[in-house]
Trainee: 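Before I ask anything, let me first share the structure, which is written out below as structure tokens.
Sequence lines set the chain letters: A, B, ... in the order given, protein chains first and strands last, and positions in each chain run from 1.
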2 protein chains.
Amino acid sequence: MGETLTEHENQLDGQDQKQGPDAGGALYRRVAADLREAITTGAYGEAGRLPAEGALAERYGVSRGTVRQALAVLRADGLVTSRRGTRRVVLGNARVQSFSELLSFTHWARSMGEEPGGQLESLIRRPADAAEREQLRLDPGAEVYVTLRLRTLSGTPVMVERTIYPPHVGVLVAKLPPDVVSHTEHLREHGILFTDADHTIDVVAANGEDAKLLGCRRGAPLLRERRRTTDPTGRPVEWSQDRYLPGMVAFSVHNSLATSALSRHARESD
Amino acid sequence: MGETLTEHENQLDGQDQKQGPDAGGALYRRVAADLREAITTGAYGEAGRLPAEGALAERYGVSRGTVRQALAVLRADGLVTSRRGTRRVVLGNARVQSFSELLSFTHWARSMGEEPGGQLESLIRRPADAAEREQLRLDPGAEVYVTLRLRTLSGTPVMVERTIYPPHVGVLVAKLPPDVVSHTEHLREHGILFTDADHTIDVVAANGEDAKLLGCRRGAPLLRERRRTTDPTGRPVEWSQDRYLPGMVAFSVHNSLATSALSRHARESD
DNA sequence: GGGGCAAAGTTGGCTGACCAACTTGATGGA
DNA sequence: TCCATCAAGTTGGTCAGCCAACTTTGCCCC
């Protein structure tokens with residue numbers, strides 16, 4: 001009971017417990033956000049112990065179940081441990097970005113204080129091949145929109161992005177001016193939402209096109225991320241293949257016995 | 001109400017609702033396992049809708065809260081969507097492996113039906129440098145154990161593994177014969193548990209040592225995975241750097257607005 | 001001092017209940 | 001026919017309570 005925190009000590013002040021404009025509307029999200037803040041600023045120390053669930057519940061004026069929900073978020077992000085019988089322990093200062101920073105090159109760049117750029121090299125419409133129909137769950141005979149873009153950070157080329165869009169998304173992309181930086185943002189404003197994504201990360205050699213755009217040798221190694229994104233209803237909205245120059249980017253994941261989402265697997269035929 | 005499933009229709013048969021020897025002890029884990037089975041075998045169709053939470057609760061004879069806990073697992077694995085107002089939809093057949101398959105080269109290889117091998121090239125004990133003390137949370141003056149191993153799949157070299165162990169783990173590793181395939185398994189039997197891991201994935205060029213062991217050119221691109229693993233108490237037990245030959249392996253992640261754990265970030269200095 | 005043991009503290013798991021927010025489909029009117 | 005409205009169905013979120021399993025601490029006894 002002798003714990004005295006200089007901050008994070010009162011019960012979610014602001015707006016009479018209504019949804020404040022800063023934090024997420026749900027109670028457990030606000031508790032999670034507050035605890036995350038407290039942890040990353042070192043309020044509990046490097047490997048310190050968190051207060052008990054009951055104590056947190058009392059402090060925030062919520063039920064223990066809500067606190068548990070909040071802590072589950074932090075556990076999934078790899079911020080704290082979680083085992084029966086003992087208090088939670090701070091694991092690390094893992095800064096896990098928002099979902100959008102992973103999906104949108106633009107958001108990611110801006111969050112680092114860099115200026116993102118994108119130049120559309122080509123946009124064509126053509127019938128989908130078998131693999132594309134499979135990935136985007138399209139009927140035989142359906143068409144797809146294929147874009148090729150060179151992405152830059154503060155002017156220097158970083159990544160080549162090849163994206164396949166299903167028709168209902170492609171028509172919107174096709175209407176965009178070629179110098180629009182963020183397709184994702186534009187699509188969101190037109191009601192196309194991105195909620196789930198599967199990522200696969202490996203290494204490939206640069207082909208002629210990659211080499212010309214990125215200014216590297218043909219055959220030079222590139223970090224490749226393939227991504228299939230779906231909307232809230234589960235409908236695929238994008239199938240993209242991004243190729244990064246080495247040394248510019250790395251991908252980070254946390255996984256644990258509790259919640260694992262990453263998997264290593266043998267590369268299937270390309 | 002007209003749903004008739006040929007399987008997965010009764011209430012978790014076996015052992016009088018006690019923890020069966022096959023499934024996880026917790027009730028929600030068994031429900032999750034059963035639903036995963038049903039989904040991956042296509043019982044609900046490609047993009048079909050799952051039964052309502054209430055219906056599942058009744059079917060399995062558990063409360064709705066338990067069903068929700070089970071479904072949260074599937075949602076985190078990217079198997080189903082989850083939005084307010086409508087039934088859950090099957091997202092994909094994502095086969096997410098167990099935590100151990102990611103941490104242990106041996107487990108991973110065996111799960112693919114390949115024969116893993118490992119040859120210890122060197123094992124030395126020396127004072128930890130600043131970075132190692134930081135990663136493994138060691139006191140100044142502490143020593144570390146450094147291993148270098150060449151990993152093979154069915155005889156062919158695949159990966160070079162450099163692992164830094166803190167003293168309490170290193171002493172155990174040092175006692176192992178040089179041809180032990182799975183260090184992880186051996187350590188687990190001696191009470192060293194692996195529960196949480198942070199992974200960072202990027203590309204590096206092979207140095208002279210890599211080239212000699214893997215049989216590739218110096219400067220050839222390798223897929224690098226750096227991993228820091230901790231035990232249940234949050235204490236670091238390993239800091240490893242694995243370098244894979246390209247084309248042999250890829251990493252997969254699922255993330256969503258609900259649960260995001262992956263992050264892309266600019267590469268800091270090496 | 002050391003080892004075993006009991007008790008307190010803490011998280012995991014499960015239940016039942018309630019309301020809010022949202023989606024979908026049907027109904028009915030312009 | 002088309003559109004607005006409404007009602008039913010469904011998931012999200014929160015609460016209170018209970019017990020089990022586990023860890024840690026401190027006590028007692030040898």
Trainee: Does a side-chain N-to-carboxylate-O contact under 4.0 Å join B/R88 and B/E53?
Mentor: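 Counted as a salt bridge, because a side-chain N and a carboxylate O are separated by less than 4.0 Å.
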Trainee: Does the pair A/R110/A/E185 count as a salt bridge with the N-to-O cut at 4.0 Å?
Mentor: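 Yes.
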Trainee: Using whole Å, report how far CZ of A/R88 lies from C1' of D/dT24.
Mentor: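 Atom CZ in A/R88 sits about 17 Å away from atom C1' in D/dT24.
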Trainee: If every non-hydrogen atom of A/T184 is compared with every non-hydrogen atom of A/L103, which pair is closest and at what distance?
Mentor: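 A/T184 and A/L103 have their closest heavy atoms at OG1-O, 4.4 Å.
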Trainee: Identify which nucleotide among C/dT10, C/dC14, D/dT11 has an atom closest to any side-chain atom of A/A52, counting heavy atoms from C-beta outward.
Mentor: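 Out of C/dT10, C/dC14, D/dT11, the nucleotide with an atom closest to A/A52's side chain is C/dT10.
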Trainee: What is the distance, to the nearest angstrom, from the CZ atom on A/R64 to the P atom on C/dT15?
Mentor: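 Going from A/R64 (CZ) to C/dT15 (P), I get 16 Å.
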Trainee: Roughly how many Å is it from CD in A/E58 to P in C/dT10, rounded to a whole number?
Mentor: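 Rounded to the whole Å, the gap is 12 Å.
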Trainee: Name all residues meeting the side chain to side chain contact (heavy atoms under 4.5 Å, CB included) criterion together with B/T195; count only those two or more places apart in sequence or in a different chain, and write none if there are none.
Mentor: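 If we apply the side chain to side chain contact (heavy atoms under 4.5 Å, CB included) test to B/T195, skipping adjacent residues, the hits are A/L257, B/P232.
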Trainee: B/H183 and B/Y165: which non-hydrogen atoms are nearest, and at how many Å?
Mentor: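 In this case the closest contact between B/H183 and B/Y165 is ND1-OH, 3.7 Å.
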Trainee: Looking only at side-chain N and O atoms, does A/T66 come under 4.0 Å of OP1 or OP2 in D/dG13?
Mentor: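 No.
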Trainee: Once you round it to whole Å, what is the distance between C1' of D/dG13 and CG of B/L71?
Mentor: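 From B/L71 CG to D/dG13 C1': 16 Å.
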Trainee: A/H168: which residues meet the ring pair (Phe, Tyr, Trp, His ring centres under 6.0 Å) condition with it, sequence neighbours left out?
Mentor: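 For A/H168, no residue satisfies ring pair (Phe, Tyr, Trp, His ring centres under 6.0 Å) once neighbours in sequence are set aside.
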Trainee: Please produce a list of atom pairs where a protein N or O lies less than 3.5 Å from an N or O of nucleotides 22-24 of chain C.
Mentor:
residue, atom, partner, partner atom, Å
C/dT23, O4', B/G85, O, 3.4

Trainee: What closest approach, in Å, do B/A32 and B/L74 show between heavy atoms, and which atom pair accounts for it?
Mentor: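 Scanning both residues, the minimum pair turns out to be O-CD2, 3.8 Å.
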Trainee: Any side-chain N or O of A/S82 below 4.0 angstrom from OP1/OP2 of C/dG12?
Mentor: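 For A/S82, the contact criterion (side-chain N or O under 4.0 Å from OP1 or OP2 of C/dG12) is met.
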Trainee: Please give, in whole Å, the distance from D/dC22 P to B/L193 CG?
Mentor: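 One finds 13 Å between P of D/dC22 and CG of B/L193, rounded.
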Trainee: In whole Å, I'd like the distance from the CD atom of B/Q69 to the C1' atom of C/dG12.
Mentor: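 That distance rounds to 8 Å.
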Trainee: Using a 4.0 Å heavy-atom cut-off across all strands, classify A/R68 as base, sugar-phosphate, or nothing.
Mentor: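 Base contact - A/R68 has a heavy atom under 4.0 Å of at least one base atom.
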Trainee: Could you tell me how far apart B/R30 (CZ) and C/dG13 (P) are, to the nearest whole angstrom?
Mentor: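 Distance, rounded to whole Å: 13 Å.
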Trainee: How many whole angstroms separate atom OH of A/Y60 from atom P of D/dG13?
Mentor: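 To the nearest whole Å, that distance equals 18 Å.
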